[in-house]
Amino acid sequence: MEFDLPRAVAVLILIVAIGAAGLIVATPMALQTTLMMVVPSMLVFGGIAFALGVKHGEFRSAHA
């Protein structure tokens, strides 16, 4: 399966949405805390991990 940028970002947002929905349904914390603190941090971490993964893939493909 080939990923372009829009498709990869959509998958990242889908994963964060599933995680946020799980936290909202499980109610380990207040909804406001989840939406204002947890979800943005999940998006930032996902973006950083995505960027590092892309750079690692570029490195491996160039040095293979």
Side-chain angles (χ1 to χ4, degrees):
M1 177 182 227
E2 292 188 26
F3 286 102
D4 54 355
L5 184 60
R7 187 173 297 161
V9 171
V11 170
L12 173 66
I13 291 172
L14 178 66
I15 291 170
V16 170
I18 291 170
L23 284 172
I24 291 169
V25 170
T27 62
M29 62 189 78
L31 177 63
Q32 184 177 3
T33 304
T34 302
L35 295 178
M36 292 184 67
M37 296 179 68
V38 177
V39 173
S41 66
M42 289 171 68
L43 287 171
V44 169
F45 175 77
I48 291 170
F50 179 75
L52 287 173
V54 167
K55 289 301 179 185
H56 180 66
E58 290 174 355
F59 174 79
R60 288 202 47 168
S61 67
H63 292 87

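For Gln32, the CD atom sits in a loose shell: 12 or fewer heavy atoms of surrounding residues, nucleotides or ligands are nearer than 6.0 Å. By the neighbour-count criterion of 12 heavy atoms within 6.0 Å, atom CE of Met37 is sparsely surrounded, having that number or fewer from other residues, nucleotides or ligands.
In this structure a side-chain-to-backbone donor-acceptor pair under 3.5 Å is missing from Thr27 to Ile24.
Grouping the Ile, Leu, Val, Met, Phe, Trp and Tyr side chains by contacts below 4.5 angstrom, directly or via other members, places Leu43 with Met29. Transitive grouping of hydrophobic side chains (ILVMFWY, heavy atoms separated by less than 4.5 Å) keeps Leu12 and Ile18 in distinct clusters. Criterion: ILVMFWY side-chain heavy atoms under 4.5 Å apart, direct or through other members. Under it, Met42 and Leu35 are part of a common hydrophobic cluster. Linking Ile, Leu, Val, Met, Phe, Trp and Tyr whenever their side-chain heavy atoms come within less than 4.5 Å puts Val54 and Ile13 in one cluster.
When each of Thr33, Thr34, Val39 is paired with Leu23, the side-chain contact (heavy atoms from CB on, under 4.5 Å) condition holds for Thr34 and for no other.
Side-chain contact check for Phe50 versus Leu5: some heavy-atom pair is nearer than 4.5 Å.
Taking Ile, Leu, Val, Met, Phe, Trp and Tyr as hydrophobic and joining them when side-chain heavy atoms fall under 4.5 Å apart, one finds Ile48 in a cluster with Val44, Leu52.
A distance of 10.0 Å separates NE2 in His56 from OG in Ser61, rounded to the nearest 0.5 Å.
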